[in-house]
J.: 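Below is the structure I would like to discuss, written out as structure tokens.
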Amino acid sequence: MRRFHRRLHLWMWIALAPLTAVGLALAIASVPKEQTNDLDGALISEAP
Amino acid sequence: MGHQYKAVQWNVAKIVYDLYCLAALAAFIGIFMTVGLAAHPSGHRADPVVLLIRALGTAAFLMLTIVLAIGPLARLSPRFNPMLYNRRHFGVMTFLVAAAHFGLATFWYHASGPLNPFVSLLVSNPLYQSAEGFPFEVFGLAAFAILFVMAATSHDYWLNNLSAPVWKALHMLVYAAFGLLVLHVAYGALMTEKSAIYPALTVAAFAIVAALHLWTGLRERRRDAGMRGVSASDGWIDVCAPADIPDKRAVIAPLPSGERVAIFRDGAKICAMTNACRHQNGPLGEGCIKDGAVTCPWHGWQYRPEDGVSPPPYTEKIATYDTRLSAGRVFVKVRPNAPGQRSQFIMMGAAP
């Protein structure tokens, strides 16, 4: 690869990797917990 | 090599490779659907269309992960070069699988309402402030748009018309597509998935691809940094001793301009040329000399070592560099010759 492409490749990953990692971590942290509700919708139990 | 345009550059090896890929894809979707139907809780019938949408999406994600791992793996070991040779077909196949996922999901979930399915895809979920209910479709749509551009411009027609540097830079957008696809999976499938396998696979795929690219990228930067000590005050740089160059192979040296030069030895002959192949700017110096011609490790494009011209019937030309032997060292002239110009080269054992 030419120098321009080597630099572009590295800088794209330096920018992309943390952005995607943060987005991925936020998504995994926001996964709704499994809940059991009674017929009125009141919470009976929630997965840990 | 591109002395004439063909609709798609297929040969027997590529057809066999494509058939293997199609068979693996069909097996993956078959297994995914069978396991999905069997694993569904008893009393609840799994929807085969929804399972197919998931199977296609999972296949596209895994295929893009493999496509993106091939490049850095080939940089780390030449054993992966055959995968690089077939990467473009696999990339187009990835787009087609993604297109099937996109089409099926859009019409399955958005075609029954009063809105146009594509409009419905964009406006049906406005929860942009919520992580849990975020409209993950926009990530997938953006990734799909990039993959479409990649697939549409994958042919050598576009490579020739855009030029290798522009084409290569354009195709680096695929990294952004991968990031968007990771988020599409994270805010879509992972939100309703009870099994830990999906999050683990998504994190592993992202971590492997990102680590491979960052590792090879930083390694290339270290190599570039090593060139700063090279002196070129007289227009020549000291590269190595002749014995440092393996026969039929090359030593790659950085130039003060930041570009790289490949110095090949073919028996007693030592020649230098640009390290960037005319085709996709592949690293010529990591290739070898076959049948008297320097052969690119990526797609097999060939050039004569003395003048950088492709053997007939091909007509491609690359820049060469003059070389000279002084005090038992190989020197390369910093300024390149015009593409196709016969260079001044070293003949070992010849009178000075």
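Every chain is numbered from 1, with letters handed out A, B, ... down the list of sequences. Only this structure's heavy atoms are used, side chains among them; waters, hydrogens and symmetry mates stay out. Predicted model only: the values in this text are computed from it and were never measured.
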J.: What is the distance from atom NE2 of A:H5 to atom NE2 of B:H171, rounded to the nearest 0.5 Å?
T.: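 That separation rounds to 11.0 Å.
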
J.: With a 4.5 angstrom heavy-atom cut-off, is it the side chain or the backbone of B:F136 that approaches chain A, or both, or neither?
T.: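 No part of it gets close to chain A.
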
J.: Let me know which of B:V209, B:V182, B:L181 forms a side-chain contact (heavy atoms from CB on, under 4.5 Å) with A:T20.
T.: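 When side-chain contact (heavy atoms from CB on, under 4.5 Å) is applied between A:T20 and each of B:V209, B:V182, B:L181, only B:V182 qualifies.
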
J.: Pick from B:L214, B:T216, B:L284: which one has the most heavy-atom pairs with chain A under 4.5 Å?
T.: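 The candidate making the most pairs under 4.5 Å is B:L214.
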
J.: Just by modelled atom types, is the A:L24 backbone N or O under 3.5 Å from a matching donor or acceptor in the B:Y187 side chain?
T.: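 Absent.
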
J.: Enter the distance from A:R3:CZ to B:R221:CZ here, rounded to the nearest 0.5 Å.
T.: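 Reported value, rounded in 0.5 Å steps: 13.0 Å.
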
J.: Can you tell me which portion of B:Y175 sits under 4.5 Å from chain A's heavy atoms? Options are side chain, backbone, both or neither.
T.: both

J.: Quick one: does any side-chain atom of A:R2 pair with a main-chain N or O of B:G258 as donor and acceptor, under 3.5 Å?
T.: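 Checking the backbone N and O of B:G258 against the side chain of A:R2, no donor-acceptor pair under 3.5 Å is found.
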
J.: So A:S30 and B:M191, side-chain contact (heavy atoms from CB on, under 4.5 Å) or not? Walk me through it.
T.: CA-CA 8 Å; A:S30 308; B:M191 287 295 162; 4.1 Å; yes

J.: Is it the side chain or the backbone of B:L180 that comes within 4.5 Å of chain A heavy atoms, both, or neither?
T.: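 B:L180 has no heavy atom closer than 4.5 Å to chain A.
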
J.: Measure A:L19 against the heavy atoms of chain B and call it side chain, backbone, both or neither at under 4.5 Å.
T.: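 For A:L19, neither part sits under 4.5 Å from chain B.
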
J.: Give, as side chain, backbone, both or neither, the part of B:V185 having an atom under 4.5 angstrom from any heavy atom of chain A.
T.: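 The answer is neither part of B:V185.
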
J.: Side chain, backbone, both or neither: which part of A:A21 has a non-hydrogen atom closer than 4.5 Å to chain B?
T.: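 Contact with chain B is through both the backbone and side chain of A:A21.
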
J.: Is it true that atom CZ of B:R335 has more than 12 heavy atoms of other residues, nucleotides or ligands lying nearer than 6.0 Å?
T.: no

J.: At what distance, to the nearest 0.5 angstrom, does CE of B:M172 lie from CH2 of A:W13?
T.: 11.5 Å

J.: Let's go through A:L16 and B:H213 carefully: what are the C-alpha distance in whole Å and the side-chain angles of both, what is the deciding distance for side-chain contact (heavy atoms from CB on, under 4.5 Å) to 0.1 Å, and is it a yes or a no?
T.: CA-CA 11 Å; A:L16 262 175; B:H213 279 274; over 6 Å; no

